[in-house]
Structure formats: C-alpha cells, structure tokens
Amino acid sequence: MDQVQYYDVNQIEGRSMAIILDNGKLETISRNNTKGAGIRALCGGSWGYTSVDGDADLEAGIKNASELAVSMNRSTPKEKIGLGAAAKRKNGDMPVIKINPEDIRTEDKVELLREIENFAKAKGIKSTRVSYSETILSTKYFNSEGNEKEYQTVKSGFSISAVAADGGNYQAGRESRFDIAGYEIFEKNDPYALAREAANAALELLKAKTPKGGAFPVVLDPELAGVFTHEAVGHASEADLVLQGDSVLAEKLGKQIASPKITVIDDPTLHEYGFYPFDAEGILSEKTVLIKDGVLNSYLHSRETAGIFGGESGNARAQGYAMPVVRMSNTYIDKGDASFEEILEDIKDGIYLTGSRGGQVNTGEGVFQFNAEKGYLIKNGEITDLVRDVSLSGQTLDILNQIRMVGKDVKLHAGHCGKAGQTVPVTDGAPHISISKATVGGS
C-alpha cells in the first residue's frame with residue numbers, strides 16, 4: 001500500500017523442552033514447538049500488527065498489517081512517526097555450542113536430575129525440586145528497506161530448590177544457572193555443589209534471626225546489586241517508559257544522577273543469557289553505556305524512540321514473534337577498584353545483603369523494595385551473625401548517590417524479565433557495592 005511507509009517481518013521457529021522433578025517424582029516432561037511470524041506496518045503515526053502461526057503466507061500478512069495501519073491512521077490520526085536510522089555496525093561473534101542438547105537422551109537427562117536432587121536431600125530438608133530447560137530458536141527477519149538477517153541460538157538452564165522446616169518455620173534455598181549454551185552447561189557449572197549449597201542455605205536460615213529494621217550502611221553482593229541495577233536503573237532507562245512518563249530518569253540525560261564511581265552498561269553482544277546478534281527490528285547489537293561515571297549517558301531505544309530522542313536503536317525485543325518493545329539484555333554495574341575486604345573495612349558496622357527473593361519497583365516514582373535471600377551483620381569490618389527476612393528499600397536516585405565503594409569482582413546472574421505481557425531471557429550483575437545508608441527492613 002502506498003500509504004504505508006515501512007513494514008517488517010519476524011519469523012520464528014523453535015523447539016523447547018522442560019523437565020521437572022519434585023521430591024524425586026517426575027512431575028513434568030514437556031515439549032513445545034513454535035512456528036510463526038509477527039508482521040508490523042507503519043502508516044503515519046499508527047502501527048498495524050498481525051501474527052500468523054505455522055507456515056505463514058507472508059504477503060497476506062503484510063497486506064493485513066498494512067490495511068490495519070492505514071485504517072487506524074485514518075480513524076485516529078496521530079503525529080507521524082519518524083524511525084531512527086539503522087546504525088551501521090559490524091556483525092559480532094556467535095556463541096559456540098559444544099553439546100547439542102537434542103543429542104542427549106531424555107532418560108539420561110532425567111537420571112542426571114535425579115542425581116542432582118539427591119545432593120540436595122540433606123538431613124533436615126523436607127522437600128526438593130529440580131528443573132531443566134532447553135530451547136533452540138531460529139529467527140529470520142526482513143523489512144521494506146531491504147534488511148534481511150537470520151540466526152539460531154541454543155539456550156539451556158537448570159534450577160535446584162530445597163526447603164527446610166522446623167515446626168512452623170520454613171526456609172528455602174535456591175540455586176540456578178541459565179546460559180546461552182548447550183548441554184555443556186553441566187560442565188560449566190557443578191550442579192552437585194550447587195544442590196548442596198541450596199540445601200545448606202535453607203538449613204542455615206532456620207537458625208538465623210530477623211534483624212531490627214532501620215537505616216544502616218549496607219553492602220550488596222553482586223546478585224542483589226545486579227537485581228537493583230536491572231529493576232531500578234535498567235527499566236527506568238527504557239525509552240518507551242520515559243516517553244510514557246513512567247521513568248524517574250526523564251529529562252536527566254547528561255546530568256549527574258549517581259556516584260561518580262558508578263558506570264552501568266547494557267550489552268547484548270556478551271555471550272550471556274540476554275545475548276542477541278540483532279534485535280527484533282533487525283538492528284545489529286552493540287553495547288550501550290547507560291550511566292558513565294555517575295552521568296546519565298543514554299537510554300535504551302527502539303527505532304521509534306531513537307527517532308524521537310536522537311539516540312541509537314538496537315534494544316527492541318520480543319517474546320517469540322510478539323510486538324517488539326524496548327528491553328534490556330545483559331545489564332550490569334561495571335567494575336570498580338575496591339576489594340571486598342576494603343569495602344567491609346570501610347563500612348565498619350552495617351549489614352551485608354546477599355541473593356534475591358524478588359521485590360517490586362515503581363520506575364515512575366523511582367522507589368523500590370527488594371527482598372534479600374540472606375543477610376549478615378557487619379561488626380568492626382567483619383562479617384558476623386546470619387539474619388533472615390531482610391529487605392532493602394529506598395529511592396533509586398538517592399541510593400545511586402549514596403553508593404560509597406564499588407568492587408572489582410563483577411559477577412553476572414541469568415534470569416527472565418517480564419514487560420508488556422512478554423518474557424525474555426536477560427542477565428544482570430555487578431561487583432560488590434557499599435551504600436552509605438539505606439533502609440533495611442526486618443522485625
């Protein structure tokens with residue numbers, strides 16, 4: 001249609017498998033095949049989108065999306081959308097998969113999970129659960145500008161949880177590893193040691209006390225600092241949320257918003273769980289420095305938001321062939337120059353929070369609350385008593401400016417991120433960081 005200024009097509013074909021063992025019982029072996037396409041067309045200020053399952057008639061799909069865009073633009077005209085130019089970048093390296101998970105028999109996978117679960121069945125553990133998943137996904141993309149690309153990824157992962165109980169007191173320990181890797185994920189990580197760690201964590205927490213709440217100097221481990229980076233900083237950096245008035249970082253580009261010791265990066269080129277060689281708009285991936293030495297340096301962009309803000313796109317992602325939205329990939333605080341011992345010595349007295357049990361964040365108001373898996377009291381620069389049921393809360397910009405020291409021990413943790421009803425693989429991380437004062441919740 002002449003009125004349509006742009007269209008693109010994402011074709012997806014994937015195979016996935018999941019196995020779950022619960023208390024030694026095989027609960028699930030599920031397989032799922034996905035095939036279809038998501039098609040967008042742009043007319044004026046309106047997007048038309050349609051999806052087709054199976055072997056798609058792409059020409060018909062483009063026609064349907066175009067007709068929808070034209071109809072929407074005619075009935076409710078909006079300001080014309082100008083797409084940002086496709087950045088000229090070089091193709092990056094693809095991850096090398098050593099062991100195709102489809103070459104391993106299902107029976108062998110189940111048997112391995114049984115062995116792993118046995119290592120979590122320590123004395124005092126009341127229940128255990130082990131899961132494994134694998135996904136092989138092929139993506140083809142083309143648009144009306146002549147851009148054509150395709151790639152395939154293999155991702156796998158496993159998780160182990162153990163629950164200990166003492167009367168009415170139940171405590172859980174959990175370990176998980178997900179990666180852009182094949183079955184060699186069990187060679188890259190020691191699942192038996194991780195199972196023991198999950199069990200030991202649950203048993204230790206049974207004996208731990210709940211600390212008194214208040215404002216204290218705080219040290220965050222790489223996992224919890226990574227969750228803070230993803231949830232409180234990364235989402236607020238997504239340009240579509242900025243446009244919607246739902247980000248505390250609106251109108252702060254080029255301004256000092258954090259301690260000068262903080263640099264935050266989103267990098268889809270890293271061979272981590274959030275990797276992609278090009279995004280859902282066919283833009284080759286590239287590292288984005290969100291915060292540089294405490295200054296807000298960039299937002300994350302789709303082509304539409306890049307056209308508005310003048311940034312560079314490459315951060316549009318979709319679950320399968322759903323409508324693309326601005327998303328993070330591998331997001332982390334860059335390394336500093338402090339050792340963990342120096343951080344503890346500098347804090348002297350406070351609390352050390354480790355791991356994450358979820359939480360919530362309001363990107364518009366810039367407030368958050370996260371639950372730590374464990375906490376340790378810090379006395380005279382030494383880690384002492386274990387505590388449980390602790391949380392960290394505060395205002396994002398206040399905490400960013402209260403960051404006192406940044407370690408040099410960056411670690412990344414893989415997981416999944418939900419937004420706009422879609423879930424995508426991501427990684428987040430950080431080194432150990434210390435905060436001059438933050439609100440810690442307890443009894």
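Just so you know, residue 1 is the first one in the sequence shown, and it goes up from there.
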Count the heavy atoms belonging to other residues, nucleotides or ligands that lie under 6.0 Å from NZ of K121, then report whether that count exceeds 12. yes

Would a line drawn from the ring center of Y276 to the ring center of Y151 be shorter than 6.0 Å? no

Ring of Y273, cation from K155 - is the NZ or CZ under 6.0 Å from the centre and inside 45° of the axis? yes

Determine whether the aromatic ring centres of Y132 and F158 lie less than 6.0 Å apart. no

Salt bridge or not between E148 and K140? Use side-chain N to carboxylate O under 4.0 Å. no

For residues D8 and Y141, is any side-chain donor paired with an opposing acceptor at under 3.5 Å? yes

Partner residues of V367 under the side-chain contact (heavy atoms from CB on, under 4.5 Å) criterion, sequence neighbours left out: N362, E365, Q395

Determine whether the side chains of E223 and S356 contain a donor N or O and an acceptor N or O closer than 3.5 Å. no

Closest non-hydrogen atom pair between G226 and A430, with its separation: N-CB, 3.9 Å

Answer yes when R317 and E281 have at least one side-chain N-carboxylate O distance shorter than 4.0 Å, and no when they do not. no

Salt-bridge present (E117, K25; N to O < 4.0 Å): no

Do D279 and N315 have side chains that approach each other closer than 4.5 Å (heavy atoms only, starting at C-beta)? no

Looking only at the aromatic ring of each residue, does the gap between the centers of F178 and H413 stay below 6.0 angstrom? no

Considering non-hydrogen atoms only, spot the tightest contact between V424 and Q319 and give its length. CG1-N, 4.1 Å

Regarding T331 and D428, is there a side-chain donor-to-acceptor distance under 3.5 Å anywhere? no

Taking the basic N atoms (NZ, or NE/NH1/NH2) and the acidic carboxylate oxygens, is any pair closer than 4.0 Å for K109 and E134? yes

Atom OG1 in T384, atom OH in Y376: separation rounded to 0.5 Å? 11.0 Å

Contacts of E175 meeting salt bridge (charged side-chain N to carboxylate O under 4.0 Å, His left out) (sequence neighbours excluded), chain-then-number -> R177

Do the side-chain N and O atoms of N33 and K35 include a donor-acceptor pair separated by under 3.5 angstrom? no

Are any of the side-chain nitrogens in D22 or R129 under 4.0 Å away from the carboxylate oxygens of its partner? yes

Strictly below 4.0 Å, N to O, side chains only: are E238 and K419 in salt-bridge contact? yes

Test: salt bridge (charged side-chain N to carboxylate O under 4.0 Å, His left out). Region: residues 334-347. Which pairs qualify, not counting sequence neighbours? D346-R404

Heavy-atom closest pair, residues S237 and V233: OG-O, 2.8 Å

Is it the case that Y352 and H432 place a side-chain donor and acceptor less than 3.5 Å from each other? yes

